[in-house]
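What you see is a predicted model, and the numbers here were worked out from it, not measured in a lab.
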Amino acid sequence: MHEDNLQIFIDGISRYFEHTKDNDLRLGTPYLAPNSAPVSMDYTGIIGVSGSSKGCVYFTAPKAMLKHLIISLGEPDTSESNMVDLVGELANTISGNARRELGKNFMISVPVVVSGAPNQIHLPTDLRSYVIPATWRSYQAAMVICLQ
């Protein structure tokens, strides 16, 4: 994973939040984090990557943020199933946009959503991940990119 490719994911997050009513997304400085303690919040949408790159890309956010994001997108139903769908859609949209930029050999899976315990995300311990912090309204979320 080249640092130059981070911009593709940063652009993907920004484009997604442009569809919200207030578009108050602020992205922090990306940083490298050890995979021994993956960044994880209440809900995480994970996309497996194979082909020219191997690993995963995921978006993780707190429950309260997802509820407000659903409302901001014009959907009144903030049920658990809609939060699961939203975080999976977020990860899928951002990864899909990256695929357009990185080519057809950047193959992505369907999203898998994990809720709750951070210990349910297993990343290769010999690698480090790029974390892109995101703040929307007062909520903290993150996009994590773990690619070889």
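F9 places none of its side-chain heavy atoms less than 4.5 Å from the side chain of V144. Considering only heavy atoms from C-beta on, M143 comes within 4.5 Å of I94 through its side chain. Using a 4.5 Å heavy-atom cutoff, the side chains of I46 and V113 are not in contact. Taking 4.5 Å as the limit, every side-chain heavy atom of I47 sits out of range of all side-chain heavy atoms of Y58. Counting heavy atoms from C-beta on, the side chains of L69 and L86 come closer than 4.5 Å. L90 is not listed as a side-chain neighbour of I13, based on a closest heavy-atom distance of 4.5 Å or more. You'll find the side chain of T44 stays beyond 4.5 Å of the side chain of V87, heavy atoms only. Looking at heavy atoms from C-beta onward, K54 lies out of side-chain contact with V49 at the 4.5 angstrom threshold.
The minimum heavy-atom distance linking M41 with P62 is given by the pair SD-CD, 3.7 Å. In terms of heavy atoms, V84 sits closest to Y43 at CG2-CE2, 4.0 Å. Between A142 and V131 the shortest heavy-atom distance is CB-CG1, 4.0 Å. Contact detail for M107 and G51: the closest heavy-atom pair is CE-CA, 3.6 Å.
One N or O on the side chain of T20 and one on the backbone of F17 form a donor-acceptor pair closer than 3.5 Å. In this structure, N105 contributes its side chain and S52 its backbone to no donor-acceptor pair below 3.5 Å. With hydrogens and angles ignored, the 3.5 Å screen pairs a side-chain donor or acceptor of R99 with a backbone N or O of K104. Not a single donor-acceptor pair under 3.5 Å links the side chain of T135 to the backbone N or O of Q140. A donor-acceptor pair under 3.5 Å is absent between the side-chain atoms of S72 and the main chain of H68, judged by distance alone.
The structure places CD1 of I145 at 7.5 Å from CD1 of I10, a figure rounded to the nearest 0.5 Å. Between C146 atom SG and R128 atom CZ the span is 11.5 Å, to the nearest 0.5 Å. We find the OG-CG distance between S95 and L102 to be 10.0 Å, quoted to the nearest 0.5 Å. N92 contributes atom CG, which lies 8.0 Å from atom OG of S109 (distance to the nearest 0.5 angstrom).
No side-chain donor-acceptor contact under 3.5 Å links N97 and E101.
The hydrophobic cluster containing L73 also contains Y139, counting ILVMFWY residues as joined when their side-chain heavy atoms lie under 4.5 angstrom apart, directly or transitively.
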Residues D77, I70; criterion side-chain contact (heavy atoms from CB on, under 4.5 Å); working and verdict
CA-CA 8 Å; D77 180 1; I70 288 170; 5.9 Å; no

Ignoring hydrogens and angles, write down the donor-acceptor pairs under 3.5 Å from the side chains of residues 25-35, residues two or more places apart or on other chains.
from	atom 1	to	atom 2	distance (Å)
R26	NH2	R137	O	2.8
N35	OD1	S129	N	3.4
N35	OD1	S129	OG	2.5
N35	ND2	P124	O	2.8
N35	ND2	L127	O	2.9

